[in-house]
> 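Quick one: the structure is below, questions incoming.
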Amino acid sequence: MVRAVAVKQAESQAGAALDVEEVSHHFNIDGKTLPVLDRVTLNARPGEFVALLGPSGCGKSTLLRLVAGLEPPRSGRLLEDGRAITGLNPSRVVVFQDPTLFPWRTVWKNVALGLEAQGIIKSERHRVDAALELVGLKSFANAYPHQLSGGMAQRVSLARALVNDPDILILDEPLGKLDSLTRLSMQTEIVSLWQRQGFTTLLVTHDIEEALFLAQRVIVFSDRPAKMKADIAVDRAYPRHRGDPYLADLRHEILGLLGLDETW
Amino acid sequence: MSTYSVSSALDLAREGPRSSRIIKLGRVLRVRLVGVVASLSWLAFGMSCHWRADIGDWSRTNEVATAAFVISGLILVVALAAFWSQRAADVVQRRAPWLVLLGIVLAVWEAVTAKLGWLPLPFFPSPQAIVEVYTDDFPKLLDSVWASVKLQLGGYAIGAAVGFITGVSIGWSRAVGYWVHPLLRFIGPLPATAWLPIAFFAFPSSWSASTFLIALATGFPVTVLTWSGVASVSNAYYDVARTLGAKPSFLVFKVAIPAALPHVFVGLFMGLGASFAVLVVAEMMGVKAGLGWYLQWAQGWAAYANMYAALLVMSLLCSGAITALFRVRDRLLIWQKGVVKW
Ligand SMILES: Nc1ncnc2c1ncn2[C@@H]1O[C@H](COP(=O)(O)OP(=O)(O)OP(=O)(O)O)[C@@H](O)[C@H]1O
Ligand SMILES: [Mg+2]
C-alpha cells in the first residue's frame, strides 16, 4: 500500500523537539474542579516516535490539545524547539480521535483544507494529490464523506494532516476505528511515513501492541489525573516483527503497570 | 402497485416464464390503455363544449373545444407511440392517470356550468369564461404579474440577505448577539402585516412600505434559523480548521456558513411562505398593482372568472418560486444525503 510519493520536498529537515515541563491541567465541571493532568514532564527528541498509553479518560487527549496549542495549560510550560507554545501553528498538526471530515467538502477539498487556510493552495495542489495517493484514496478524490467507510474517513483525516508537512504529528488514536486488517497495514504505513518524513510523532493509543510496534518510547500514564507512570524505551530497529519475544516481554510489563496482568 | 408486483413475482416463481410473460404483456397493455383513456376523456371535454348552446354569453367556447381536441389528439399520439418507444411509455405511465382525471373534471365542469347551469353563475364561471380572461384581459393580468414579481423579488432578496447577515453575526459574535437578540425576540414574532398601517404611513411610497414588510416577513425566519445553524456548528470543526492554520475569516466563511447552510435553507423556505402572504395583503391594502390588487378589483366587479384566473396564475408563481428554491438548495447541498424532492 505504501507508495514512493514524497509529500514533503527534498529539503525536509528532521522534526522538532518537544518539551513538556511540569504541565498540570484541570477542567471546571458544575463548579467543581476536575484535575486531568498532574505535573506531566515529557521530552521528545527531534524526529522521535513517542507513544502514550493510559486508561480511558485519564487525560491523554487533553495533553495532545495542549501540545497542539488549542488550549493553554493551567500551569507548566510546553516548548517546541525551545520556543514556548502559545498558540496554534500548522507545524503541529493533529489527527483527532474522530475523523471530523467536513461533510460539505469532497475528499480532495478536505485534504486541501490546511493549504487553503494558509492561502497556498493555488501553488501546492500537487501536495493534495500526493497525500491522497499516500493513503490510497486517489480514486475517491471527488467523493463526499458520507460515501466513505469509517476506515477510509480515518485515512482521509490522516492525509489532511500529512499534507501540511508537519514538524510534530499528533495522532489521537488514529486507527481506533479501523478493522484489524486495515489497522495492521496502516501501522506499517505510519512507520514508513515517519521514517521518510522525519517528523516527531506523538501517538495516543489504547493498543499496547500498536504502541510497541510503532514507537521508540512508550509512556504509560496513571488514572486521572494523569501522572507519568513509566517511560519505556523500545530498543528495536525497524521494521519490527509482531511476534518478537522482546516486544512480548514489554507488553507484559506494561499490562502490569496498567493493573491488567492477571489476564496474561 | 407494490402488492401487485409482489404477487406477480410469486406467480413467476410458481408457474414459470410463460405465464410471467403474459402478465408482463398485460401490464404493458394496461399502461398504453390508460393513455388511450386519457385521450378519450379530453375528447369528451371537447365534445361537452359542443354538446348544446351555452346558457350564457361566452366568446371562447369554440376555441376551448378545439384546444381540447388538439390535446386529445396529442395524448393519443403519445399513447400509440408508447407501443414502440419506452420513453413515451414512461411519460404515459407517469402522466396519464392525472390526464384522465383532468379531462373528466373539465368535462363535468363544462356541463354543469355552461350547459346546464346547475351551479349559481357569477360564483362558478365556466372553463371558457376563465380562458376568456386570459385571452381578453391579458395585458392587465401581465402587468399585475410583473408588478407582483418585482415587489416579491425585491423584498425577498433584501429580507433574505439582511436576515442571513444578521443571523451569521449574532451566531458568531457575542456582542452583536447581546444587542440584537432582545430586539429579535420582541419584534420577530409579530406578524409582519401588523406593521401595515404604520408602514404605509411612515414610508414615502406604498411600494417601499410593501418591500419593507415583505423583507421583514422573510428576514425573521431566515435570521433565526441562520443563527441557530451557526450556533450549532460543532466545535470539533473549528478545532480541526484552527490546527490547520485557519484565520477567523476562514472559520466564518469556510466552516460556520457552509455548516449552517441546511438550517439557512429551512429559514429561506419559511420566509418565502410568509412573504407570499404579506405580498398579497400589501397589494390589496396599499399598492394599486399586482395580483393581490387584481383579485380585489375583480371581486369589486363580481368578476369571478377573473379571480379564478388570477388565483391560478398566483399558485403557479408561488409553486414556481418554491421549485426554484428547491433547485438551488439541491445544487448547494448536494453533499447531504436524502434531500427531499419537491
Ligand atoms: N472540554 C472539557 N470540559 C470539561 N471536561 C473535559 C473536557 N475535555 C475533557 N474533559 C474531561 O477530562 C478528562 C480527560 O479527558 P480526555 O479526553 O483527555 O481523556 P482520554 O485520556 O483522551 O480518554 P480516551 O482514551 O477515552 O480518549 C475526562 O474525564 C473528561 O471528562
Ligand atoms: Mg482521547
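The chains referred to below are lettered A, B, ... by the order of the sequence lines, with proteins before strands, and numbering in each begins at 1.
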> Is the shortest heavy-atom distance from the side chain of B:Ile334 to the side chain of A:Trp104 under 4.5 Å?
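Result no, sub-4.5 Å side-chain heavy-atom pair not found.
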> Start with the C-alpha gap between A:Leu113 and B:Lys254, add the side-chain angles, then the distance that decides, and say whether side chain to side chain contact (heavy atoms under 4.5 Å, CB included) holds.
CA-CA 9 Å; A:Leu113 203 62; B:Lys254 302 285 178 129; 5.9 Å; no
> Heavy-atom distance under 4.5 Å to chain B: side chain of A:Asn89, backbone, both or neither?
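Looking at A:Asn89, just its backbone touches chain B.
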> Taking side chain as everything from C-beta outward and backbone as N, CA, C, O, which of these in A:Leu101 sits under 4.5 Å from a heavy atom of chain B? Side chain, backbone, both or neither.
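Contact with chain B is through the backbone of A:Leu101 alone.
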> Looking at A:Trp108, I want to see if its CH2 is surrounded by more than 12 non-hydrogen atoms of other residues, nucleotides or ligands under 6.0 Å.
yes
> So, do A:Glu116 and B:Leu244 sit near enough that their side-chain heavy atoms are less than 4.5 Å apart?
no
> If I measure from the heavy atoms of chain A, does B:Phe250 come under 4.5 Å with its side chain, its backbone, both, or neither?
side chain
> Tell me whether B:Phe253 at atom CZ has more than 12 heavy atoms from other residues, nucleotides or ligands lying less than 6.0 Å away.
no
> Show the numbers, then the answer: is there a side chain to side chain contact (heavy atoms under 4.5 Å, CB included) between A:Phe96 and B:Asp239?
CA-CA 9 Å; A:Phe96 289 93; B:Asp239 282 352; 4.0 Å; yes
> I'd like to know which of B:Ala259, B:Ala246, B:Ala236 tops the heavy-atom pair count under 4.5 Å against chain A.
B:Ala259
> CZ of B:Arg95: more than 12 outside heavy atoms within 6.0 angstrom?
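No.
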> Is there a side chain to side chain contact (heavy atoms under 4.5 Å, CB included) between A:Arg92 and B:Thr243 once you walk through the steps?
CA-CA 7 Å; A:Arg92 299 182 304 274; B:Thr243 56; over 6 Å; no
> In terms of heavy-atom contacts, does CZ of A:Arg183 have more than 12 from other residues, nucleotides or ligands at under 6.0 Å?
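Atom CZ in A:Arg183 is crowded, with more than 12 foreign heavy atoms closer than 6.0 Å.
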> Is it the case that the side chain of A:His146 and the backbone of B:Trp335 share a donor-acceptor pair, with hydrogens and angles ignored and the cut-off at 3.5 Å?
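Yes, the answer is positive, given that a donor and an acceptor are paired below the 3.5 Å cut-off.
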> More than 12 non-hydrogen atoms from neighbouring residues, nucleotides or ligands closer than 6.0 Å to CH2 on B:Trp195, yes or no?
no
